[in-house]
Amino acid sequence: MGFESSDDACVYKVSDDVAIINTVDFFPPIVDDPYMFGQIAAANSLSDVYAMGGQPKLAMNLLTFPNGKLPLDAVKAILEGGNDKVTECGATIVGGHSIDDKEPKYGLSVTGFAHPDDILSNSACEGDLLVITKKIGTGVLTTAAKVDLLTEEENREVEQTMAFLNKYAWEAMQGVKVDGCTDITGFGLIGHAAEMARSGDVTLELYSHKVPILPRALDMAEMGIIPAGAYRNRDYTSDQVMEFLSKDPLRDAATRARIDCLYDPQSSGGLLIAVKESQLPRLIEQLGEKGCETDVIGYFKQRRSRFYIEIHD
């Protein structure tokens, strides 16, 4: 699996029984606490392996920081946060590389393994239902946190959501025939769902009211607290998306805020899973047992127009 599609990682078949999954990701701090930043960045880096149907085994640190300007205690906390998440998923950090840079950045280069038959692409088939495993809205809320609009408790919930490993959603997929999977990150729910529809040459009916959104994210979106990345995501997918929304003026602001959240770039978001209806009950049950969201948010149908996503109320 290479560059032909927008899959989440590279897959190299070693033998009939073993495939290697390689991925890399890192970004600057999105929260103030260095330990939590390390956890979130590591969870995000590990996520691509789970989205491909594999299990992370080895990881290497990627770290930049302004030497002499960032306290070494903070650097240590970032690395400890990352190490704790890697340990939680059962993998091992085996080294890494750091450089002097004006802005801190952290992430991982991750190697995972899977049986070749278990590899999942970010594609969907006609008749699949779309399941999401985490609430969205973290981009809106981390933007709000920068201007002190969140309480301590609200901020903690956002951080814990981002640090929650997609390992548990991957475990919930075991024994379930899944047609496709991807994780939600910088392109937002719409961007990543569009990739699934485009790969399968189908159209997704997306039911916006069924998408789980973090508390206060809708309030903040109504106030116009929207990250710049959400507007870029909307522009990028503008020719792929059609909105079928009711024209109720009393609901217009709330509806627009909900749609804005669908484009919100996520840091370490959940998985999007394409699955047939016959497999859905077992998947929902197992996701619930693992503490994941269990919402069915859309249906992939035959493509009859140029649009890959139709957004409905």
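The residues of the chain are indexed from 1 along the displayed sequence.
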Pair Ser208-His312, side-chain donor/acceptor within less than 3.5 Å: no
Whether Asp128 side chain and Cys125 backbone form a donor-acceptor pair below 3.5 Å: yes
Polar side-chain atom of Thr142 near backbone of Thr138 as donor-acceptor pair, under 3.5 Å: yes
Residue from Asn44, Leu62, Leu46 passing side chain to side chain contact (heavy atoms under 4.5 Å, CB included) with Leu108: Leu46
Main-chain N/O of Glu103 paired to Thr64 side chain as donor or acceptor, under 3.5 Å: yes
Atom CD of Glu243: over 12 foreign heavy atoms under 6.0 Å: yes
Glu153 versus Asn155, side-chain donor and acceptor atoms under 3.5 Å: no
Side chain to side chain, Leu204 and Tyr308, heavy atoms closer than 4.5 Å: no
Flag if over 12 foreign heavy atoms under 6.0 Å of CG, Asp117: yes
Heavy-atom donor-acceptor pair, Arg306 side chain to Gln240 backbone, under 3.5 Å: no
Ion pair Asp260/Arg234, N-O distance below 4.0 Å: yes
Any side-chain heavy-atom pair of Arg258 and Leu218 under 4.5 Å: yes
Sidechain N-carboxylate O distance under 4.0 Å for Glu310, Lys301: yes
Side chain proximity check, Pro56 to Tyr50, heavy atoms < 4.5 angstrom: yes
Side chain to side chain donor-acceptor pair (under 3.5 Å), paired with Tyr207, selected from Glu205, His209, Lys210: Glu205
Side-chain donor/acceptor of Arg256 to backbone N/O of Glu222, under 3.5 Å: no
Minimum-distance pair of heavy atoms, taken over all atoms of Ser45 and Thr23: O-CG2, 3.7 Å
Linked, directly or transitively: Val176 and Val131 (ILVMFWY side chains, under 4.5 Å): yes
SB check Arg303 Asp201 (cutoff 4.0 Å): yes
Asn166 (side chain) donor-acceptor with Ala169 (main chain) under 3.5 angstrom: no
Val110 and Val24, any side-chain heavy atoms less than 4.5 Å apart: no
same_hphob_cluster(Val75, Ile40) at 4.5 Å side-chain heavy-atom cutoff: yes
Pair listing, side chain to side chain donor-acceptor pair (under 3.5 Å) test, anchored in residues 74-85, at least two apart: Tyr35-Asp84, Lys85-Glu88
Side-chain donor/acceptor of Asn233 to backbone N/O of Tyr263, under 3.5 Å: yes
Side chain to side chain, Leu283 and Gln279, heavy atoms closer than 4.5 Å: no
Carboxylate-amine/guanidinium proximity below 4.0 Å for Glu293 and Lys134: no
Side chain proximity check, Met220 to Ile226, heavy atoms < 4.5 angstrom: no
Short side-chain donor-acceptor distance under 3.5 Å, Gln160 and Arg156: no
Under 3.5 Å side-chain donor-acceptor pair for Tyr106 and Asn61: yes
Path from Ile136 to Leu271 over hydrophobic side-chain contacts below 4.5 Å: no
Donor on one side chain, acceptor on other, Thr182 and Asn122, under 3.5 Å: no
Pairing of Glu126 and Lys276 as salt bridge, 4.0 angstrom limit: no
Sidechain-backbone polar pair: Ser199 side chain, Ser123 backbone, donor-acceptor under 3.5 Å: no
Any side-chain heavy-atom pair of Leu120 and Asp179 under 4.5 Å: no
Heavy-atom side-chain contact between Val211 and Asp295 under 4.5 Å: no
Ser15 (side chain) donor-acceptor with Asp17 (main chain) under 3.5 angstrom: yes
